[in-house]
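Here's the structure, in C-alpha cells; my notes come after.
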Amino acid sequence: MIPQAPKGTDDILPPASEGWRRLLRGFEDLAVRYGYGFTMTPLFEATELFSRGVGVETEVVEKQMYTFEDKGGRSITLRPEATASVVRAYLGSGTQGVFKGYYAGPMFRYEQPQSGRRRQFYQVGVEYLAEPSPDADVEVIEVGYRLLQQAGITEVTVRLNSIGDPADRAAYREALVAFLKDRADLLSDEARSRMSSNPLRVLDSKADASVVADAPAPLDAICEAAAAHFAGVVAGLQRRGIPYEISPRLVRGLDYYNRTVFEYVSAAYTAAQEALGGGGRYDPLAEMLGGPPVAAVGLAMGVDRIVLAMPKFPPGGPDVFVAVADPARREDAIGLVAALRDAGLWSEMDLGDRSLKAQFKVAGRRGSRLVAVVGDEWSEGLVTVRRMSDGEERPVAIEEVASWATNR
Ligand code: HAM
C-alpha cells in the first residue's frame, strides 16, 4: 500500500498551488515595502519556550502541541506559532532598538482537522519589536488588511479590541470569575472546569455563548494609558481607511497579549466563523521569556484559509513552447529553450521524442501562448512561430524569438 499523508496535512501541488505561489510572493513584496526583513527561526524549539511564552493554560499549549523527547533527552516541540521564536531570537541576538521582521512557514497544532483547520498549516506574519506607538499597531493591522485586498478577498473586517495592561487583565479576570460563578449551573462542564484555570477562554466557548453574552467586557475595564493607546489605534485605522469593528469580548487564545488584539474576518470565509488572521500587542512576552521589557506588536495570517477564500487563478502556461519537427535538430531546440529562459521567458519543450502533432497537443495542454517549431528553416536562421490563440504562423529569426515573444 502507498503510504498516506498524515491526517490534517496537505500536499500542495501544481496547478492548484498557483494561488499559494501568488499569495506568498505578494506577501514578501508587501512586507518588504513596509520595511520588514526576512526572518527565519527553527521549526522546532525547546518546549519551555511555548509553555512560558504562549502560556501553560492556553488551548494551544495544553492540547495542541507536537511534543517529543529527542535522542539527547530534551523536550522538543514543533512550533505551533512563530512569535515566541522571533522574540527569543531577538533577545538572543543582542539586538537593541527597533526590529521589524517577516516570516512565512509551516506551523503545527494537533487539532481536529477540517477544511481550513489543519495539523500542519502555513502562516505568514510580521513582528514589530521595541516600538510602543499605537501607529505601529495600525501599521501591522494595515499589512494584514492589504494582504487580503491583494489576494482579491472582499468584505474584510478587522475585529478590534483592547484587553488593557496586565493589571487590568488580572482585575478583569476576577470580575469575570465572579460573574461565571454566579451562573455556574448554566455553564457547560468544560466552561466550569476552565472557570478557575483560564476563565477568559470561556468567552470563546460556543456552547456558553448565551451565558457569556452579558459578561463584563475587557474593554470596559482598561486603565487610562491603555485607553489612550486604543484611541490612538482607532484614530489611525480611521485615517488609513481600514474598516474595523470593535469587538469588546475578543480576547484571543494566547497569554502574551496586552492592549490591542485583532482578527480579520471576511464574508468570503465563513467556515466555523474562524479568522483569516490575527494578532495584537504583546509587550509582556519578552519579560515572560526572562528578558528586559520590549514593546511589541505583530500578526500572523492563515495561508490555508486565505487560499480557500481567494478567487481561483488559472495556472497560466509557457510563453514559448519549443517543438522539434526534425529529430536531428533536438540539440538546437534544447539550446533555444535555454536561450529563451535566459531572456526571462517561461519556455519548455517535450523531451520524449514524440511526433510534431503530439508535441502540439502537449503544448496546448500546458496552456502555451506560442509554439516555436525547430525544423528545416533552422539552417536559414529561422523558426516557425505559431500563436496558439488563433493559429497564425510566421517565420521569425532565431535570435529574435525572445523579443518577439515578449512583445506579443
Ligand atoms: P493565531 O490566531 O493562533 O495567532 O493564528 C493566526 C492565524 O493562523 C489564524 O487566524 C488562522 O488563520 C491561522 N491558523 C491558526 N491555526 C490554524 C490551523 N490549525 N489551521 C489553519 N490555519 C490556522 C498566532 O499564531 C500569533 N502568533 C499571531 C501573532 C503574531 N500575534 C502577534 N504576532
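In this text the structure is predicted, and so the values were computed from the model without any measurement. First listed ligand is number 1; within each ligand, the first listed atom is number 1.
For Ile306, the heavy-atom gap to ligand 1 stays at 4.0 angstrom or more. Note on ligand 1: Gly125 sits outside its first shell, no heavy atom being nearer than 4.0 Å.
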Subject >> Trace of the side-chain hydrogen bond (donor to acceptor under 3.5 Å, both in side chains) decision for Glu274 with Tyr269 >> reply: CA-CA 8 Å; Glu274 289 194 277; Tyr269 187 77; 5.5 Å; no

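Salt bridge Lys63/Glu190: present, at least one basic N to carboxylate O contact under 4.0 Å. Remark: Asp208 does not engage Arg183 in a salt bridge, criterion side-chain N to carboxylate O under 4.0 Å. We find that Glu139 and Lys100 are joined by a salt bridge, their nearest charged nitrogen and carboxylate oxygen being less than 4.0 Å apart. Between Glu59 and Arg194, at least one side-chain nitrogen of the basic residue sits less than 4.0 Å from a carboxylate oxygen of the acidic one, meeting the salt-bridge criterion. Using a cutoff of 4.0 Å between basic side-chain nitrogens and carboxylate oxygens, Asp137 and Arg281 are scored as salt-bridged.
Close N/O approach between Pro80 and ligand 1 is not found [any backbone or side-chain N/O within under 3.5 Å]. Residue Asp304 has no nitrogen or oxygen atom sitting less than 3.5 Å from a nitrogen or oxygen atom of ligand 1, judged on distance alone.
What sits closest to atom 20 (N) of ligand 1 on the protein, heavy atoms only, is Arg118 N, 2.9 Å. Among protein heavy atoms, the minimum distance from atom 21 (C) of ligand 1 is reached at Gly116 O, 3.2 Å. Closest to atom 26 (C) of ligand 1, if we only count protein heavy atoms, is Tyr256 OH, 3.4 Å. What sits closest to atom 11 (C) of ligand 1 on the protein, heavy atoms only, is Arg305 NH1, 3.4 Å. Regarding atom 19 (N) of ligand 1, its nearest protein heavy-atom neighbour is Glu111 OE2, 2.6 Å. Annotation: atom 30 (C) of ligand 1 to nearest protein heavy atom, Thr83 OG1, 3.0 Å. Of the protein's heavy atoms, Tyr257 OH, 2.7 Å lies nearest to atom 31 (N) of ligand 1. The protein heavy atom nearest to atom 13 (C) of ligand 1 is Gly302 CA, 3.6 Å.
Less than 4.0 angstrom separates some heavy atom of Arg117 from each of these atoms of ligand 1: 19 (N), 20 (N). The ligand atoms of ligand 1 that sit less than 4.0 angstrom from a heavy atom of Ala275 are 10 (O), 11 (C), 12 (O). Against a heavy-atom cut-off of under 4.0 Å, Gly277 is close to the following atoms of ligand 1: 10 (O), 12 (O). If you number the atoms of ligand 1 from 1 as listed, the ones under 4.0 Å from a heavy atom of Tyr282 come out as 32 (C), 33 (N). Listed by number with element, the atoms of ligand 1 under 4.0 angstrom from any heavy atom of Leu276 are 10 (O), 12 (O).
Ranked by closest heavy atom to atom 6 (C) of ligand 1, the top entry among Gln123, Glu127, Met301 is Gln123. Nearest-residue assignment for atom 15 (C) of ligand 1 (options Phe121, Tyr269, Phe262, Tyr128; heavy-atom criterion): Phe121. Of the candidates Arg109, Arg252, Glu81, the one placing a heavy atom closest to atom 3 (O) of ligand 1 is Arg109.
Figure legend: cation-pi geometry between Arg366 and Phe321 absent, as NZ or CZ is not positioned both under 6.0 Å from the six-membered ring centre and within 45° of its axis.
Residue contacts with ligand 1, taken as heavy atom pairs separated by less than 4.0 Å, do not involve Glu263 at all. Under 4.0 angstrom from ligand 1, there are no non-hydrogen atoms of Val297.
Residues Trp346 and Glu348 bring a donor and an acceptor atom of their side chains to less than 3.5 Å of each other.
For Tyr110 and Tyr66, the gap between ring centers is short of 6.0 Å. Ring-centre distance between Tyr36 and Tyr102: not below the 6.0 Å cut-off.
When the options Val322, Asp332, Val374 are evaluated for a side chain to side chain contact (heavy atoms under 4.5 Å, CB included) with Val383, the one that passes is Val374.
Taking each heavy atom of Tyr172 and Ala217 in turn, the nearest pair found is CE1-C, 3.5 Å.
For the atom pair CZ of Arg252 and CG of Asp255, the computed distance is 12.0 Å after rounding to the nearest 0.5 Å.
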